[in-house]
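The block underneath contains the structure these notes are about, expressed in structure tokens.
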2 protein chains.
Amino acid sequence: MTKINDRKTEIITVAAKLFKEKGYSAVTMRDIAQAMDIKAASLYNHIKSKQEILVLIIVEIAEEFTQTMDEVVHSEESTIKKIEKIIQLHIDITLRDANALACLNNDWMHLSDTELAYFIKMREEYEENFRTIIKKGIADNEIKNLNLEVIIFSILSTLRTLYLWYGKKKSPDSKTLTSNMIQVLLNGIVIH
Amino acid sequence: MTKINDRKTEIITVAAKLFKEKGYSAVTMRDIAQAMDIKAASLYNHIKSKQEILVLIIVEIAEEFTQTMDEVVHSEESTIKKIEKIIQLHIDITLRDANALACLNNDWMHLSDTELAYFIKMREEYEENFRTIIKKGIADNEIKNLNLEVIIFSILSTLRTLYLWYGKKKSPDSKTLTSNMIQVLLNGIVIH
DNA sequence: AAATAAAACTAACAGTTGTTAGTTTGCTAT
DNA sequence: ATAGCAAACTAACAACTGTTAGTTTTATTT
């Protein structure tokens with residue numbers, strides 16, 4: 001029972017790493033197998049298809065984002081505190097599972113029918129919740145009355161591509177990252 | 001002469017659009033041909049290989065970024081003015097050629113040997129130049145003394161993924177985009 | 001009208017793809 | 001020891017890949 005899961009998990013981990021490097025379509029089942037020192041056919045003792053691997057990588061993380069965002073939206077904190085929690089959410093998941101996050105960002109379009117629709121729904125829900133938070137912040141005079149979409153995508157695009165930066169030589173440690181990120185995204189970089 | 005170029009340009013444009021949607025590896029020569037209402041073999045009257053298409057899409061734009069960044073670095077303006085020019089550069093290219101930009105961002109790793117090395121060199125040069133600008137800004141007391149890498153990747157990741165947002169229903173017009181983007185990235189979103 | 005060249009076509013290739021069927025290996029519990 | 005079973009293997013498939021060769025169509029120039 002645990003053995004099956006262990007091996008399956010291993011496939012998913014290895015696949016996620018390869019998908020990050022070359023993208024879903026460029027990675028073959030033989031690539032994944034070779035990285036595990038087995039033959040491609042052996043993978044099918046553990047997984048149903050290449051598609052299933054992608055689904056398992058993406059959906060779990062997407063659900064985690066969706067759920068935490070839902071909790072944040074319905075909490076009774078200040079807008080700034082909410083945004084800080086969202087920043088923290090992205091940093092946490094990036095540090096824990098950068099490869100899966102890369103897949104979610106780059107390979108979601110290779111999900112098929114049902115899962116694709118599910119993913120898109122979650123992503124739209126996530127963005128809409130973010131929009132709600134910022135709108136309330138503007139109404140409450142916590143956030144500057146700038147173009148809503150520009151605010152949303154400035155923050156989200158940075159958070160979503162964190163996986164690209166983390167792990168590089170020059171990337172800061174977790175604590176420095178969090179506090180500096182909050183500073184930069186909320187208060188800007190210019191001295192007045 | 002112009003006719004050859006026209007058809008070749010058309011291939012590159014169509015390919016860039018498809019590459020943006022599904023990624024380089026998932027797009028076949030038959031896909032590109034079908035989108036142009038011809039057969040795959042006919043493409044080879046105009047281009048040498050699938051690889052060449054990718055190179056033509058990516059390298060030209062990468063060189064434009066590199067060159068303009070070089071001009072900005074060596075100019076005698078304030079740091080803030082320099083950053084504003086870089087923001088403008090990204091917005092301009094995004095509005096002009098979002099598809100090619102998507103390729104550059106997602107498919108650069110499928111370039112082969114020579115071009116891959118060339119691309120990576122340009123990208124590192126670009127980031128290093130950006131680093132130089134921010135460092136000087138901090139030294140001159142124009143920019144807050146926050147973690148250099150966090151500043152760099154907050155701004156760059158937003159600018160680099162602009163292509164994902166532009167064209168959507170809710171995305172603002174060009175002027176609103178530029179001014180709001182400068183506001184958000186430089187001054188932040190919080191009211192103090 | 002004939003000649004030339006560009007750009008489309010058909011047919012096919014050799015290699016790669018995800019996946020299946022059937023078989024062998026190696027560990028675990030009786 | 002042996003039965004049972006998870007997990008590896010080999011061999012093969014049909015479909016698809018980028019690309020080439022050779023041919024026909026289309027458009028332009030003489």
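Since this is a predicted model, take the numbers as computed values, not measurements.
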Does any residue of residues 11-28 of chain A have a heavy atom under 4.0 Å from DNA chain D, and if so, which ones, in number order?
none
Please tabulate, one pair per line, all N/O donor-acceptor pairs under 3.5 Å involving side-chain atoms of residues 97-105 of chain A, not counting sequence neighbours.
residue, atom, partner, partner atom, Å
A:N105, ND2, A:L101, O, 3.1
A:N105, ND2, A:R160, O, 3.2

Inter-axis angle, terminal five-pair segments of the helix from C:dA1-D:dT30 to C:dT30-D:dA1 [nearest 10°]
10°
Just jot down the side-chain hydrogen bond (donor to acceptor under 3.5 Å, both in side chains) partners of B:E84, sequence neighbours excluded, or say none.
none
Starting from P on D:dG18, measure out to CD on B:Q34 and report it in whole angstrom.
13 Å
Which residue pairs satisfy the salt bridge (charged side-chain N to carboxylate O under 4.0 Å, His left out) criterion with at least one member in residues 149-159 of chain A, sequence neighbours excluded?
A:R131-A:E149
Residue pairs, two or more places apart or on separate chains, that pass ring-ring contact (aromatic ring centres under 6.0 Å, His included) and touch residues 75-94 of chain B:
B:F65-B:H90, B:H90-B:Y126
Under 3.5 Å, which donor-acceptor pairs link side chains of residues 68-76 of chain A to any protein atom two or more places apart or in another chain?
residue, atom, partner, partner atom, Å
A:T68, OG1, A:E64, O, 3.0
A:D70, OD1, A:N129, ND2, 3.3
A:E71, OE2, A:Q67, NE2, 2.9
A:H74, ND1, A:D70, O, 2.8
A:S75, OG, A:V72, O, 2.7
A:S75, OG, A:E77, OE1, 3.0

Can you tell me which residue pairs pass the ring-ring contact (aromatic ring centres under 6.0 Å, His included) test with a partner in residues 135-154 of chain A, sequence neighbours excluded?
A:F153-B:W165
Using atom CE of B:M29 as one end and atom C1' of D:dT17 as the other, report the distance to the nearest whole Å.
11 Å
Separation of C:dG18 C1' from A:I32 CD1 (nearest whole Å):
11 Å
With a cut-off of less than 4.0 Å, is there a side-chain N or O of A:H46 near OP1 or OP2 of D:dA6?
no
Has A:K144 got more than 12 heavy atoms of other residues, nucleotides or ligands less than 6.0 Å from its NZ?
yes
Sequence neighbours excluded, every pair satisfying ring-ring contact (aromatic ring centres under 6.0 Å, His included) that has a member inside residues 14-35 of chain B
B:F19-B:Y24, B:Y24-B:H110
Under the salt bridge (charged side-chain N to carboxylate O under 4.0 Å, His left out) rule, what pairs show up with a residue in residues 106-126 of chain A, not counting sequence neighbours?
none
Can you name the atoms? Protein N/O to nucleotides 9-12 of chain C N/O, anything below 3.5 Å, with the distance.
residue, atom, partner, partner atom, Å
C:dC9, OP2, B:K39, N, 2.5
C:dC9, OP2, B:S42, OG, 2.9

Please report the distance, rounded to the nearest Å, between CD1 in B:I47 and C1' in C:dA6.
16 Å
Within residues 177-188 of chain A or reaching into it, pairs that qualify as side-chain hydrogen bond (donor to acceptor under 3.5 Å, both in side chains) - sequence neighbours excluded
A:N187-B:H192
Walking DNA chain C from its 5' end, the first of A:Y44 and B:L43 to be reached, judged by nearest nucleotide, is B:L43
B:E52 and B:K8 ion-paired at < 4.0 Å:
yes
